[in-house]
Amino acid sequence: MASTAEIKAQIQSAIEQVNEAAASLGNAQSQTDTAIGTGAGATQETSSSLPGEALGQWQQAKERLEEALNLYQAGAETFEQYINTI
């Protein structure tokens with residue numbers, strides 16, 4: 001059976017991995033913002049509904065990235081609470 005210190009170290013490692021994943025999501029959000037701006041600028045004079053649909057889908061993806069970031073943070077905080085109880 002693992003010692004309390006070993007368990008805490010493993011959990012801390014998991015939290016660090018999630019923090020790295022969250023940083024990648026933050027970068028994805030920023031790149032998505034840029035892509036949305038570029039796509040909107042390039043298609044502002046079109047009469048087609050397709051660019052608007054595409055931009056809406058990208059916006060929805062960005063919102064889901066935000067949801068994922070919030071869940072990562074909540075999970076990390078919950079694990080921190082657990083570490084403090086053992």
Side-chain angles (χ1 to χ4, degrees):
M1 183 172 192
S3 71
T4 301
E6 290 170 330
I7 293 169
K8 286 182 177 184
Q10 289 173 357
I11 292 171
Q12 196 60 46
S13 175
I15 291 170
E16 289 171 14
Q17 291 168 341
V18 161
N19 288 340
E20 289 176 20
S24 295
L25 286 181
N27 289 334
Q29 282 184 304
S30 177
Q31 290 175 327
T32 301
D33 277 338
T34 301
I36 289 170
T38 301
T43 59
Q44 66 186 7
E45 294 184 26
T46 186
S47 61
S48 173
S49 64
L50 294 175
E53 183 178 339
L55 294 170
Q57 291 164 334
W58 286 354
Q59 183 62 40
Q60 187 176 31
K62 183 179 167 246
E63 290 166 5
R64 290 191 179 161
L65 288 172
E66 182 66 33
E67 291 173 21
L69 281 170
N70 290 336
L71 289 170
Y72 275 146
Q73 182 178 11
E77 289 171 1
T78 302
F79 255 133
E80 289 287 349
Q81 290 174 1
Y82 174 70
I83 286 174
N84 292 330
T85 66
I86 61 173

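Small disclaimer: the values here were computed from a predicted structure and weren't measured. Heavy-atom basis, side chains included; hydrogens, waters and symmetry copies ignored.
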Legend entry - Heavy-atom check, side chain of Gln73 versus side chain of Glu77, under 4.5 Å: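 In contact.
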Inset, instruction - With the side chain counted from C-beta on, respond yes when Gln12 and Gln17 share a heavy-atom pair under 4.5 Å apart, and no when they do not. - result: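 No, too far: nothing below the 4.5 Å cut-off.
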Legend entry - Exercise: identify the closest heavy-atom pair between Leu25 and Ala68: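 For Leu25 versus Ala68, the nearest heavy atoms are CD1-CB, 3.7 Å.
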Legend entry - Distance (rounded to the nearest 0.5 Å) between Phe79 CZ and Ile11 CD1: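 These two atoms lie 5.0 Å from each other.
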Legend entry - Distance, nearest 0.5 Å, that separates OG1 of Thr4 from CD1 of Ile83: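 That separation rounds to 11.5 Å.
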Legend entry - side-chain hydrogen bond (donor to acceptor under 3.5 Å, both in side chains) partner of Gln29, the single match among Glu66, Lys62, Glu63: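 Of all the options given, the one that passes is Glu66.
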Legend entry - Val18 with Leu71, same ILVMFWY side-chain cluster at under 4.5 Å: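 No; tracing contacts between hydrophobic side chains, which count when under 4.5 Å, never links both residues.
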Inset, instruction - Kindly work out whether a path of hydrophobic side-chain contacts (I/L/V/M/F/W/Y, heavy atoms less than 4.5 Å apart) joins Leu65 to Tyr72. - result: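 Yes; tracing contacts between hydrophobic side chains, which count when under 4.5 Å, links both residues.
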Legend entry - Whether Thr85 side chain and Tyr82 backbone form a donor-acceptor pair below 3.5 Å: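 Yes.
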Inset, instruction - Check whether any side-chain N or O of Ser13 sits under 3.5 Å from a backbone N or O of Ala9 as a donor-acceptor pair, and report yes or no. - result: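 No, because the side chain of Ser13 does not come within donor-acceptor range (under 3.5 Å) of the backbone of Ala9.
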For residues 38-50, which side-chain donor-acceptor pairs fall under 3.5 Å, sequence neighbours excluded?
unit_1: Thr38; atom_1: OG1; unit_2: Thr34; atom_2: O; d: 3.0
unit_1: Thr43; atom_1: OG1; unit_2: Gly39; atom_2: O; d: 2.7
unit_1: Thr46; atom_1: OG1; unit_2: Ser48; atom_2: N; d: 3.2
unit_1: Ser48; atom_1: OG; unit_2: Leu50; atom_2: N; d: 3.1

